Protein chains: 2
Amino acid sequence: MAEDEAQDLSRIAAARPAPSPDISPAPRMPEIPRYLQVFQDLRARISGGRYPVGSMVPTEAELCAEFAVSRHTVREALRRLVDQGYVERRQGSGTQVLSAEGGSLFTQSMRSLSELFQYALDTDFAITAMVMTAVDEPTARLIGAEPGSSWLALHGIRGTRDDGVPISHTVVYVHERFGWLRDDFPSCHGPFYALIEQRAQVTVMETLQTITALPMPDASRQVFGDQTPGAHVLRVVRRYLDRRGSTLTASINDHPADRFTYTMRIKRDGER
Amino acid sequence: MAEDEAQDLSRIAAARPAPSPDISPAPRMPEIPRYLQVFQDLRARISGGRYPVGSMVPTEAELCAEFAVSRHTVREALRRLVDQGYVERRQGSGTQVLSAEGGSLFTQSMRSLSELFQYALDTDFAITAMVMTAVDEPTARLIGAEPGSSWLALHGIRGTRDDGVPISHTVVYVHERFGWLRDDFPSCHGPFYALIEQRAQVTVMETLQTITALPMPDASRQVFGDQTPGAHVLRVVRRYLDRRGSTLTASINDHPADRFTYTMRIKRDGER
DNA sequence: CTTCATTTGTCCGTATGTATG
DNA sequence: TCATACATACGGACAAATGAA
């Protein structure tokens with residue numbers, strides 16, 4: 001029966017180049033490209049359960065035969081499936097179904113993690129203290145470190161570049177194996193993780209970010225000069241992880257709650 | 001002269017399949033694929049300013065000649081440039097440089113906007129009141145509406161599906177033109193925007209989300225039974241916009257600050 | 001408005017390299 | 001070791017969109 005499908009499709013394909021008679025504009029079917037037809041068919045099979053999640057999609061050769069198209073066309077269709085997060089391909093192994101619904105419908109994207117904050121471009125970080133410390137248990141949990149392990153802690157204040165209005169009281173923790181970079185941090189203007197990546201030949205693969213609200217700590221009260229009894233801060237903790245999931249560097253940013261808002265824009269992707 | 005380059009390179013290329021003599025393991029360069037070499041070269045030209053933003057990249061034919069590779073290889077390289085946001089291609093026109101730095105390096109992605117909250121899957125929304133209201137000026141600013149315009153306001157409490165522990169006190173605003181869906185909201189289990197999309201043939205193209213901390217409003221105090229003097233809430237406001245940027249629906253979610261953390265995971269794209 | 005050359009899009013065929021199991 | 005399956009790379013051909021003559 002697969003054979004029949006193949007023959008049908010190839011006959012249709014063969015009929016395609018034939019010019020329209022001349023009269024009759026003909027309803028003019030949109031003429032979907034072959035690779036898109038194959039893509040849509042495969043996608044339907046995946047979401048329909050014929051190729052369950054975890055199973056293998058037929059090989060390129062089999063799909064060529066079934067749809068009666070060239071390998072190039074099949075690969076074009078499979079490429080779409082990969083791009084949209086339906087399948088994963090591995091040389092020598094095959095094509096495995098990853099998801100029945102495809103990848104993400106919404107994404108928030110940014111060129112630099114600093115862009116998470118719209119203000120980030122126009123701020124400066126003034127370091128007030130830089131000490132190698134053994135992190136206590138709560139801090140270790142916060143930044144994903146081993147309790148008692150050594151981290152270089154950069155205490156400082158992030159403020160607007162123009163008038164120096166303080167935006168956050170922050171502590172940056174850098175793993176001790178990057179301690180030799182300590183002299184470079186004070187003159188660093190971009191994000192710290194970028195400096196570490198560049199100098200230490202490591203890659204930040206993922207970041208975890210948590211946002212909480214809590215009563216303003218005393219240290220922050222001094223920074224912001226705020227003695228209001230019920231004052232709170234918005235605390236943003238960011239952890240920068242390598243490909244193995246261990247923390248390279250982390251930062252704890254306390255923003256005065258009454259004049260700080262965290263904003264993000266999330267867009268729908270693709271044409272689905 | 002391009003001819004000479006082509007001949008030289010093709011001769012090198014032709015020499016490649018030749019098996020290594022036998023002795024001498026040879027340093028074994030990583031053997032970067034040709035299409036990747038072309039891609040990297042073109043990318044360097046773009047970021048280096050040789051192909052400025054807005055200008056046209058040489059045609060496929062010209063690139064084939066210059067690099068002495070087949071059109072297939074050039075197209076593979078150009079595909080990367082497109083995928084990574086450097087260029088845009090139009091049939092019949094050519095390949096234009098879009099950006100000197102490429103697209104985004106980091107993305108947070110999700111299938112449903114509810115996934116912004118890790119808990120979202122296991123929560124229920126209990127509607128306590130549903131009224132058509134004319135929004136006042138502060139609320140209008142918050143949800144991106146015209147002051148005084150009419151919105152269907154769904155007041156309610158989101159709680160865990162298991163034990164009903166309240167997670168947030170929320171108000172959902174639905175534009176009056178979707179008011180005819182009011183009878184469907186109480187039985188809606190997924191996100192409201194999805195219901196509206198499905199029934200009203202509209203598409204959410206973008207969402208704006210803002211997070212602030214503020215002293216707990218009286219209404220929320222009653223919901224959470226919290227009379228602590230300095231109690232705060234984490235307020236998450238989400239606006240769901242159509243392709244023209246106008247708000248279809250919005251929600252204001254107040255979470256008790258002492259037992260709520262907003263978490264997001266952001267991954268690096270691609271292999272750059 | 002039509003014609004025409006240009007440029008990318010689609011599609012086919014073949015061959016070899018390389019990772020997998 | 002060996003067959004399998006995907007990755008890379010070459011070649012050719014025609015269609016469709018574009019923009020200028």
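Note on naming: letters A, B, ... go to the chains in the order of the sequence lines (proteins, then strands), and numbering restarts at 1 for each one. The shown structure was predicted, so the numbers you read here are calculated from the model rather than taken from an experiment.
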Over how many whole Å does the gap from [X] atom [atom1] to [N] atom [atom2] extend?
X: B:Ile32; N: C:dT18; atom1: CD1; atom2: P; answer: 14 Å
X: B:Tyr35; N: D:dC10; atom1: OH; atom2: P; answer: 13 Å
X: A:Phe67; N: C:dC11; atom1: CZ; atom2: C1'; answer: 16 Å
X: A:Leu78; N: D:dA7; atom1: CG; atom2: P; answer: 9 Å
X: A:Leu63; N: D:dC6; atom1: CG; atom2: C1'; answer: 12 Å
X: B:Leu81; N: C:dT8; atom1: CG; atom2: P; answer: 13 Å
X: A:Phe39; N: C:dC11; atom1: CZ; atom2: P; answer: 14 Å
X: A:His72; N: D:dG11; atom1: NE2; atom2: P; answer: 15 Å

Tell me which nucleotide among [options] gets nearest to the side chain of [X].
X: B:Arg75; options: C:dC12, C:dT10, D:dC10; value: C:dT10
X: B:Ser70; options: C:dT8, C:dC12, D:dC10; value: D:dC10
X: B:Arg34; options: C:dT10, D:dA9, C:dC11; value: D:dA9

What residues form a side-chain contact (heavy atoms from CB on, under 4.5 Å) with [X], not counting sequence neighbours?
X: A:Pro147; value: A:Glu137, A:Ala140
X: B:Leu98; value: B:Glu88
X: A:Thr139; value: A:Val135, A:Asp136, A:Tyr173
X: A:Leu152; value: A:Met130, A:Met132, A:Leu154, A:Val174, A:Arg182, A:Phe185

Could you write out each protein N or O paired with an N or O of nucleotides 1-7 of chain C at a distance under 3.5 Å?
from, atom 1, to, atom 2, distance (Å)
C:dT7, O2, B:Gly92, N, 3.2

Exercise. Sort and list the pairs that fulfil salt bridge (Lys or Arg N to Asp or Glu O under 4.0 Å) and have at least one residue in residues 50-59 of chain B, not counting sequence neighbours.
Key: none
Quiz item: Taking atom types as modelled and ignoring hydrogens, do the side chains of B:Arg80 and B:Tyr35 form a donor-acceptor contact shorter than 3.5 angstrom?
Solution: yes
Quiz item: With a 3.5 Å cut-off and just heavy-atom distances, do the side chain of B:Arg71 and the base of C:dT10 make a donor-acceptor pair?
Solution: yes
Quiz item: Does any nucleotide pair with D:dC6 by Watson-Crick or G-U wobble geometry, both distances under 3.5 Å, and what is it?
Solution: C:dG17
Quiz item: Considering all heavy atoms of both residues, which atom of A:Ile211 and which atom of B:Ile211 are nearest to each other, and what is their separation?
Solution: CD1-CD1, 3.7 Å
